[in-house]
Amino acid sequence: MKLLIVESPAKARKIQSYLGQGWQVRACLGHVRDLPNSKDVLPERYKDATFAKLGVDVENNYAPIYVARKDKAQTIKDLKALAKSAEAVYLAADPDREGESIAWHLSVLLGLGKDAKRVTYQEITERAIRQAVANPRTIDFHLVAAQETRRVLDRLAGYGVSPLLWNAVGGPQSAGRVQSAALMLLSQREQSRLSFVASAFWRVGVVVASQPAFKAQVTAIRGTALATAASFGASGQLKSGLDVMQLDQEKATQLISYLNRQQAVVGAVTLSPVVRRPPPPLTTSGLQQAANAKLKLGAAQVTRLAQSLYEQGRITYIRTDSPHLSDEAIHLAREAVATRFGPSALPQEGRQYATRNQNAQEAHEAIRPAGTFAVPEQTGLSGDELALYRLVYERTLASQMRDAVGEKTAVMLQAGVVTLHASGVVLTEKGFTALYDDQDSSDEEQALPKVLVGERFSLKDAKAEEKKSSPPARFTEGKFVQVMEKAGIGRPSTYGATLETLQKRNYVALRNRQLHVTPLGLLVASYLMKQVPQLVNAEFTAQMEGDLDRIASGTLSRVAYLDSIWKATLSPAIRAAQLFSPRYPLPHLEAVLEVRGGVAGLVVSGKGVALPDNVLPEDLTPQTVAALMDGTFKASKPKTSDASERAVSQPAKRTNGAASRKKPITASTTKRRRSTGTK
DNA sequence: CAGTGAGCGAGCTTCCGCTTGACTT
């Protein structure tokens, strides 16, 4: 009997069916050994070591202590028994950095030594598997070293910086390479919203009475452009150097009566072709984004539903960063498109998509229907599972369909001294949009009639509308997963977990499906930014990836790299960090956020109160601040939250005593903390 | 005299990434 070990049980079943008799295919369920997370799992000889809690002997070339993971005890026992009676053991963990490490840890636990046979393959077909097991290689120790470097760095950074927060903020706080960089991105967005000053301006629209009629907007008067939202800076002023006119209500009203007496002459007609390519097949982040936008599902819910579909054999593996489709998948997708829309809906050749993500490891295919591409209605699925499967099915098919082709028409008209513009798009070939439309339905696109330069039309129904410049939008969970991927922060298997951690720590909260940074989150972010800017820098992970690649190729030593990050950078910053608690002066308000015992509070002219749990920075106005200070504040009852919001916020419920304890912050206590801390 | 509460000190918290069930509530 030969033993083949993969990571996932679903994959094991599939491969078992290919290899058949003479093979045992088993799953190890991911990592089997790790750094210790508590003292009781430590081997006896390390119990008294100074680095016991850290699990890394920094002074001895950053040697890690590895212990078998408790949650894998049974799995390891079973694998050991099988390995003993097997004539050969093949280690077939995923073909990436983490997979190579898993293979090595298995080889140690199973006592395989140099005989360990490492096999990898890019797709799960009988041919690919048989070819892989016929050509085993040895374990790539450079790649294993790169993974170990990543693991050690994360432990040193996380366990090094988190205690700073216990001192400065109080309570069970945490910091890390991924979660703190993510918090910083969210916090920067929240801060630019808090300091943003909105400006009001007026826009005037009119109906051009052609056959059929269409709508046009006033864009300029006597050659001077009217202000749009883009004309204003974040502080509410018109951007300098712009020659624009800001309409107020009075001028807008005058403009309306002027327009109603005018005729418009067509001054220019511009036609330009429009080609829209289909969106690529789904990756983990793409699935989160699409399911959030189209199905209004939260991150945790999408993960649960997708995992279930994967286990039922409906879709391929759900944690992937590659939009790649196998030849077989492209063939099946094209067949399904031809059945539904006819062969004319297909381009000559199948379409392959390249990843846009620099850090992609591409160990898996895109997320697509597994097996025979069952039509959604014939799967027997229902509810959210059906909806999510349909999304995967349609995105996969759409990726193989023709481009949508059309024409954009832009018309300029002159009505006396007033310049008007109208535009519209008409699709002449629907292409993939016949199946899957990825455009926001809100940006309406009118079909313009054919008009000629010099034609005259009367105007009617002129209307003025007040608009406001708006701050950068908050992120939904789905959108933010894409932001993390683009910044190279985290991995497909951790995007959801990172969002959960940030919510569990009460740094981030969901409201109306949008991610908000809490007062505590703002304080933690501003503290980390001041004391350990290296850790929260969004570039940090991207640079790390480059260095890990050099370690994997053998051109950079693991110890030299860790020295440059730990001994030369992070460790000195941690030693020099101030321990006093952070303050955050709120823009536009005479109030400062402070924190005591892990609870954020508000301080106004020396007097402090703790903030109730569900108060977010956007709730703080002169009125609510006054009410909070004199104790008359009533939390506005949030509107009934939808299911996806509940699903995520439930596990985030805080059970820790320190965090839920409420103590008023007084001027004397905050002052004392600061004076002791700065010594 | 009994009950209350301020104040003190000891001990605790934490990372990222790879995988699923087996546990309660």
- Message: With hydrogens left out and only the distance checked, is there a donor-acceptor pair under 3.5 Å joining Arg151(A)'s side chain and the base of dC15(B)?
- Response: yes
- If you check the Trp166(A) side chain, which of dT13(B), dG21(B), dG17(B) turns out closest? dT13(B)
- Message: Rounded to whole Å, how long is the line connecting atom CG of Leu502(A) with atom C1' of dC15(B)?
- Response: 13 Å
- Message: Can you identify which nucleotide, out of dG17(B), dT20(B), dT13(B), has its nearest atom closest to the Tyr317(A) side chain?
- Response: dT20(B)
- Check the distance between dC18(B)'s C1' and Tyr310(A)'s OH and give it to me in whole angstrom. 12 Å
- Between the side-chain atoms of Arg150(A) and the base atoms of dC16(B), is any donor-acceptor pair under 3.5 Å? yes
- Output, in order, the C-alpha distance, side-chain angles, deciding distance and verdict of side-chain hydrogen bond (donor to acceptor under 3.5 Å, both in side chains) for Gln173(A) and Tyr507(A). CA-CA 9 Å; Gln173(A) 313 301 335; Tyr507(A) 300 160; 2.7 Å; yes
- Task: Using a 4.0 Å heavy-atom cut-off across all strands, classify Gly490(A) as base, sugar-phosphate, or nothing.
- Result: sugar-phosphate
- Note on the structure: Sorted by position of nearest nucleotide on DNA chain B, 5' first, the leading residue of Arg155(A) and Gly99(A) is Arg155(A)
- Query: Using a cut-off of 4.0 Å on non-hydrogen atoms, how would the nucleic acid contact of Gly176(A) be classed: base, sugar-phosphate, or nothing?
  - Reply: sugar-phosphate
- Query: Looking at the side chain of Glu98(A), which of dT14(B), dT19(B), dG17(B) is the nearest nucleotide?
  - Reply: dG17(B)
- Message: If I take atom CZ in residue Arg97(A) and atom P in nucleotide dT19(B), what distance separates them, rounded to the nearest angstrom?
- Response: 14 Å
- d(CZ, Arg69(A); P, dC16(B)) in whole Å: 14 Å
- Which one of Arg151(A), Arg69(A), Glu98(A) satisfies the side chain to side chain donor-acceptor pair (under 3.5 Å) criterion with His31(A)? Glu98(A)
- Between Ala300(A) and Glu500(A) the two heavy atoms that sit nearest each other are CB-OE2, 3.8 Å
- Give the ring-plane orientation class for Tyr90(A) versus Trp23(A), where under 30° counts as parallel, over 60° as perpendicular and anything between as tilted. tilted
- Item | Among dT20(B), dG17(B), dT14(B), the nucleotide that comes nearest once only the side chain of Arg177(A) is considered | dG17(B)
- Message: Counting the atoms with a prime plus P, OP1 and OP2 as sugar-phosphate, which does Gln147(A) contact under 4.0 Å by heavy atoms, base, sugar-phosphate, or nothing?
- Response: nothing
- Sugar-phosphate only, base, or nothing, as touched by Ala175(A) at under 4.0 Å among non-hydrogen atoms: sugar-phosphate
- Is any side-chain nitrogen or oxygen of Ser493(A) closer than 4.0 Å to OP1 or OP2 of dG17(B)? no
- Task: Looking at every strand, decide which applies to Arg33(A) at a 4.0 Å heavy-atom threshold: base, sugar-phosphate, or nothing.
- Result: nothing
- Select base, sugar-phosphate, or nothing to describe what Lys11(A) touches, counting heavy atoms under 4.0 Å on all strands. nothing
- Determine the contact category for Thr494(A): base if any of its heavy atoms lies under 4.0 Å from a base atom, sugar-phosphate if only primed atoms, P, OP1 or OP2 are that close, otherwise nothing. base
- Can you check the Ile318(A) CD1 to dT20(B) C1' distance for me, whole Å? 11 Å
- Query: Within this structure, what is the NE2-to-C1' distance between His31(A) and dT19(B), rounded to whole angstrom?
  - Reply: 9 Å
- Message: Does the plane of the ring in Tyr66(A) sit parallel, tilted or perpendicular to the ring in His105(A)? Use 30° and 60° as the thresholds.
- Response: perpendicular
- Message: Distance check needed: dC16(B) P versus Glu545(A) CD, whole Å only.
- Response: 14 Å
- Could you please name the option among dT20(B), dC18(B), dT14(B) that lies closest to any side-chain atom of Lys53(A)? dT14(B)
- Task: Would you kindly give the CG-to-P distance between Asp34(A) and dT19(B), to the nearest whole Å?
- Result: 14 Å
- Message: Counting the atoms with a prime plus P, OP1 and OP2 as sugar-phosphate, which does Tyr495(A) contact under 4.0 Å by heavy atoms, base, sugar-phosphate, or nothing?
- Response: nothing
- Carboxylate-amine/guanidinium contact Glu100(A) Arg137(A), below 4.0 Å: yes
- Task: Tell me whether the OP1 or OP2 atom of dC18(B) has a side-chain N or O from Arg319(A) closer than 4.0 Å.
- Result: no
- Does Gln179(A) place a side-chain N or O at less than 4.0 Å from the phosphate oxygens OP1/OP2 of dC16(B)? yes
- Which class fits the ring pair Phe141(A) and Trp104(A): parallel under 30°, tilted 30 to 60°, perpendicular over 60°? perpendicular
- Task: Give one of base, sugar-phosphate or nothing for Asp94(A), where a contact means two heavy atoms less than 4.0 Å apart.
- Result: sugar-phosphate
- Query: What's the closest nucleotide to the Ser162(A) side chain, out of dC15(B), dG17(B), dT19(B)?
  - Reply: dC15(B)
- Message: By nearest heavy atom, map Leu35(A) and Lys72(A) onto DNA chain B; which one lands nearer the 5' end?
- Response: Leu35(A)
